[in-house]
There are 2 protein chains.
Amino acid sequence: MNQPEHLKNAGLKSTLPRLKVLSLFESGQARHMSAEEVYKLLLSTGDDVGLATVYRVLTQFEQAGLLVRHNFEGGKSVFELDQGTHHDHIVCLQCGHVEEFFDADIEARQENAAAERGFTIRDHSLSIYADCAKTDCPNKTRSENR
Amino acid sequence: MNQPEHLKNAGLKSTLPRLKVLSLFESGQARHMSAEEVYKLLLSTGDDVGLATVYRVLTQFEQAGLLVRHNFEGGKSVFELDQGTHHDHIVCLQCGHVEEFFDADIEARQENAAAERGFTIRDHSLSIYADCAKTDCPNKTRSENR
DNA sequence: TCGCAAATGAGAACGATTATCATTCGCACT
DNA sequence: AGTGCGAATGATAATCGTTCTCATTTGCGA
């Protein structure tokens with residue numbers, strides 16, 4: 001609840017931009033956001049924060065374990081609040097909608113695969129790209145990238 | 001074996017640059033290559049091909065189903081010959097070495113996860129980022145990105 | 001309240017990739 | 001084999017996401 005403390009605990013001094021970014025994520029407005037999206041959302045609220053700062057803050061939050069970074073297709077990083085519970089993603093290619101899922105078996109088998117080959121897992125990402133069934137989907141935002 | 005035919009079948013006219021790129025992948029010299037790597041390897045053989053063309057050709061080959069594109073961490077796309085057999089990747093964060101693996105169970109469970117949520121899978125990517133155990137690894141190429 | 005290191009913001013710089021556009025090439029048709 | 005034309009190429013400019021630079025501002029302990 002107390003954001004300044006979250007930052008303190010993460011070893012970051014509580015500055016205005018950091019508080020704004022953190023609040024935005026905690027507001028639940030959007031669970032997954034790119035740097036650009038965070039930047040624009042803050043602008044639209046009158047909370048001006050430089051784009052460079054947004055990038056810096058997001059990276060710091062990632063390192064501090066407050067946020068998780070995802071590299072979905074399309075070249076841009078997307079961040080989400082770290083709720084401690086790992087999960088994978090299904091991304092709708094039409095509307096960009098992201099849904100989360102978790103499958104313990106898949107997780108376990110990944111561990112195996114790596115271990116069997118003498119690797120020490122540092123990180124892993126499983127993303128499913130699909131078309132979602134929502135009736136209002138294909139008409140929405142449509143990220144016509146690439 | 002006959003490359004011009006491969007291209008024909010893919011609906012691409014067989015030009016010099018396309019043949020060179022295709023040969024490079026079929027030579028087995030390196031299974032996973034980025035556009036930059038393809039470009040440099042061709043240069044080093046005296047087979048001059050413009051960088052822009054390399055990018056174009058790689059994209060066309062991907063769309064034609066000759067190559068598969070992977071978006072690993074680090075921002076650059078990596079391509080590999082499509083052998084028809086889908087597989088996932090373990091990427092060594094130290095030396096960039098890529099190893100492939102396949103787990104039918106994981107695949108099946110992904111299908112489930114998507115279907116259960118009303119998604120139609122278009123594509124999916126599972127990448128494990130790890131440190132490999134090779135003794136000569138951490139000392140090698142080292143992509144000190146980010 | 002002061003002072004200073006740390007953080008910020010504007011804009012330059014960067015790396016990967018794509019677009020532009022004049023020149024060249026593959027190939028179907030004589 | 002020779003021609004013609006549309007597609008393909010290559011040099012370069014442009015774009016996109018992101019990081020860097022550096023002068024200015026801010027948080028916070030003394």
Side-chain angles (χ1 to χ4, degrees), chain A residues 2-22 32-43 46-64 66-67 69-79 96 143-146, chain B residues 2-22 32-40 42-43 46-64 66-67 69-79 96 141 143-146:
Chain A
N2 192 333
Q3 286 134 3
E5 283 188 20
H6 287 184
L7 295 178
K8 284 284 167 53
N9 296 340
L12 296 169
K13 76 168 72 160
S14 97
T15 67
L16 232 27
R18 299 215 256 243
L19 289 171
K20 288 175 183 168
V21 171
L22 185 52
H32 301 85
M33 287 181 280
S34 66
E36 204 74 29
E37 286 165 343
V38 169
Y39 175 64
K40 285 182 186 153
L41 275 175
L42 289 181
L43 273 193
D47 297 312
D48 290 38
V49 175
L51 180 56
T53 303
V54 169
Y55 274 102
R56 265 186 306 239
V57 170
L58 289 176
T59 303
Q60 291 160 348
F61 283 5
E62 182 200 6
Q63 290 168 343
L66 293 174
L67 295 179
R69 176 198 301 259
H70 300 295
N71 296 289
F72 295 145
E73 280 184 10
K76 59 182 66 171
S77 292
V78 171
F79 298 80
S143 56
E144 61 279 292
N145 319 14
R146 168 175 306 147
Chain B
N2 192 332
Q3 285 134 3
E5 283 188 21
H6 286 184
L7 295 178
K8 284 282 167 55
N9 296 341
L12 296 169
K13 69 168 80 159
S14 96
T15 68
L16 233 27
R18 300 215 255 243
L19 288 171
K20 287 175 183 168
V21 172
L22 184 53
H32 302 85
M33 288 181 280
S34 65
E36 204 74 29
E37 286 165 344
V38 169
Y39 175 66
K40 285 183 185 152
L42 289 180
L43 274 192
D47 297 312
D48 289 38
V49 175
L51 180 56
T53 303
V54 170
Y55 273 102
R56 265 186 306 239
V57 170
L58 289 176
T59 303
Q60 291 161 347
F61 283 6
E62 181 200 6
Q63 289 169 342
L66 293 173
L67 296 179
R69 178 198 299 259
H70 299 295
N71 297 291
F72 295 145
E73 280 183 9
K76 59 180 65 169
S77 292
V78 172
F79 298 81
T141 332
S143 56
E144 60 279 294
N145 319 16
R146 168 174 304 146

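Computed from heavy atoms alone, side chains included, the values below leave out hydrogens, waters and symmetry copies. The chains referred to below are lettered A, B, ... by the order of the sequence lines, with proteins before strands, and numbering in each begins at 1.
Proximity of A/E36 to A/Y55: side-chain heavy atoms (C-beta onward) are separated by under 4.5 Å at one or more points. Side-chain contact between B/V21 and B/Y39: absent, with no pair of heavy atoms (C-beta onward) separated by less than 4.5 Å. Using a 4.5 Å heavy-atom threshold, the side chains of A/R69 and A/N71 count as touching. By the 4.5 Å heavy-atom criterion applied to side chains, A/D48 and A/L42 are not counted as neighbours.
In this entry the distance linking CZ of B/R56 with C1' of D/dA7 reads 11 Å, nearest Å. A straight line from CG of A/L16 to P of D/dC28 spans 11 Å, rounded to a whole angstrom. Put simply, NZ on A/K13 is 7 Å from P on C/dA6, counting in whole angstrom units. Separating the CG atom of A/L7 from the C1' atom of D/dG27 is a distance of 12 Å, rounded to the nearest angstrom. Between B/Q63 atom CD and D/dA8 atom C1' the separation is 15 Å, expressed in whole Å. Note: NZ (B/K20) to C1' (D/dA8) measures 13 Å, nearest angstrom. Between B/Q60 atom CD and C/dG26 atom C1' the separation is 14 Å, expressed in whole Å. Distance CD (A/E36) to C1' (D/dT18): 10 Å, rounded to an integer number of Å.
For the pair A/S77 and D/dG17, the criterion of a side-chain N or O lying under 4.0 Å from OP1 or OP2 is not met. Distances shorter than 4.0 Å separate some side-chain N or O of B/R18 from OP1 or OP2 on D/dT9. OP1 or OP2 of C/dA16 has at least one side-chain nitrogen or oxygen of B/K76 nearer than 4.0 Å. Distances shorter than 4.0 Å separate none of the side-chain N or O atoms of A/Y55 from OP1 or OP2 on D/dT19.
If you check every strand for non-hydrogen atoms under 4.0 Å, B/T15 touches sugar and phosphate atoms only.
B/F72 and B/V78 get closest at one heavy-atom pair: CD1-CG2, 4.2 Å.
The nearest heavy atom of DNA chain C to B/A52 and to B/S14 marks one nucleotide each, and the one closer to the 5' end goes with B/A52.
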